[in-house]
Amino acid sequence: MASIEDSVDIPPNQTIYVNNLYEKISKKKLREHLYSLFSKYGQILEIEASKSLKMRGQAFIVFKDITSASNALREMNGFNFLDRPMKIQYSKNKSDAVSKLDGTYMEKKRQREENNEKKINIKKQDRKVTGGQKNKNGETLSVGNIPSNLQPRDLPPNKTLFVENLPDKCDPMMLEMLFSQFPGYKEVHMVESKKGIAFVEFQDESKSGLAMQSLQHFKVTQEKPMVISFAKQ
DNA sequence: AGCACA
């Protein structure tokens with residue numbers, strides 16, 4: 001039996017999912033209507049609608065912030081639009097429009113999974129080098145003998161990791177592929193002006209700690225092992 | 001009813 005509120009278990013999202021919409025109007029018209037109904041709740045980044053078999057009668061309205069989405073949901077759920085009460089829930093997924101803004105956007109979901117598998121294999125090779133006695137050049141890299149520039153900072157556990165010694169070409173996508181394979185991964189932050197460093201957030205400090213141990217001194221490129229510490233504060 | 005974005 002359908003519960004009174006199916007939306008209860010979906011966490012707030014800046015995108016709302018609208019359905020039970022009238023299906024016999026053009027996508028363009030639908031988006032225009034929705035825009036005029038919803039723009040009063042805040043800035044709309046995008047309205048996504050499709051007339052495909054699966055997607056007709058539904059739309060995704062992407063707001064700039066969650067508060068706008070929440071107000072829109074509360075006030076407009078059940079609103080009679082073109083003779084039908086619209087049903088509104090938070091979207092189950094993060095919209096690409098917002099991922100693009102926060103730097104976590106990736107071309108394709110599937111591509112991400114494939115890449116993750118490759119990275120795991122690369123990781124296994126590389127980690128042995130750091131943990132063992134020699135690297136490929138025959139230099140000694142024993143654990144107690146790490147060059148000071150590769151020494152992680154000694155800071156108390158934190159759910160956010162501070163990653164440094166990254167190559168300049170390293171971008172958020174690469175880091176996401178690497179870190180998102182660990183449980184509790186949330187997001188990567190990079191600052192354009194500060195090359196070579198990144199912050200990676202996890203659910204809590206045990207999750208971040210695990211990722212740190214696993215990826216410590218992982219080489220994104222042949223000569224640059226990343227150095228991972230807990231972030232300050 | 002149906003949760004996408006190339």
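Letters go in sequence order (proteins before strands), and every chain restarts at 1.
- The separation between A:L30 atom CG and B:dA4 atom C1' is 14 Å, rounded to whole Å.
- Comparing B:dC5, B:dG2, B:dC3 by their closest approach to the side chain of A:N19 singles out B:dG2.
- Going from atom CE of A:M55 over to atom C1' of B:dA4 covers 6 Å, rounded to whole Å.
- In this entry the distance linking CG of A:D96 with C1' of B:dA6 reads 9 Å, nearest Å.
- Residues satisfying the side chain to side chain contact (heavy atoms under 4.5 Å, CB included) criterion with A:E223, sequence neighbours excluded, are A:T221.
- One interatomic measurement links the two molecules: CZ of A:F60 to P of B:dC3, which rounds to 8 Å at whole-angstrom precision.
- Rounded to a whole Å, the CE atom of A:M86 is 18 Å from the C1' atom of B:dA1.
- Using a 4.5 Å heavy-atom cutoff, the side chains of A:E32 and A:Y35 are not in contact.
- A:E23 meets the side chain to side chain contact (heavy atoms under 4.5 Å, CB included) test with A:R56; sequence neighbours excluded.
- In the region residues 41-53 of chain A, proximity to DNA chain B at under 4.0 angstrom, judged on heavy atoms, holds for A:E48.
- Under the rule for a side chain to side chain contact (heavy atoms under 4.5 Å, CB included), the partners of A:K169 that lie at least two apart in sequence or sit in another chain are A:P167.
- The hydrophobic cluster around A:F199 extends to A:F162, A:I197, counting ILVMFWY residues whose side-chain heavy atoms fall within less than 4.5 Å of a member.
- Within the structure, every pair that satisfies the ring-ring contact (aromatic ring centres under 6.0 Å, His included) test and touches residues 40-66 of chain A, not counting sequence neighbours, is listed here: A:Y17-A:F60.
- Of the listed nucleotides (B:dC5, B:dG2, B:dC3), B:dC3 has the atom at the smallest distance from the side chain of A:Q89.
- One interatomic measurement links the two molecules: NZ of A:K54 to P of B:dC3, which rounds to 9 Å at whole-angstrom precision.
- If you take CZ of A:R56 and P of B:dA4, they are 15 Å apart, rounded to a whole angstrom.
- Side-chain N/O atoms of A:S95 and base N/O atoms of B:dA4 include a donor-acceptor pair closer than 3.5 Å.
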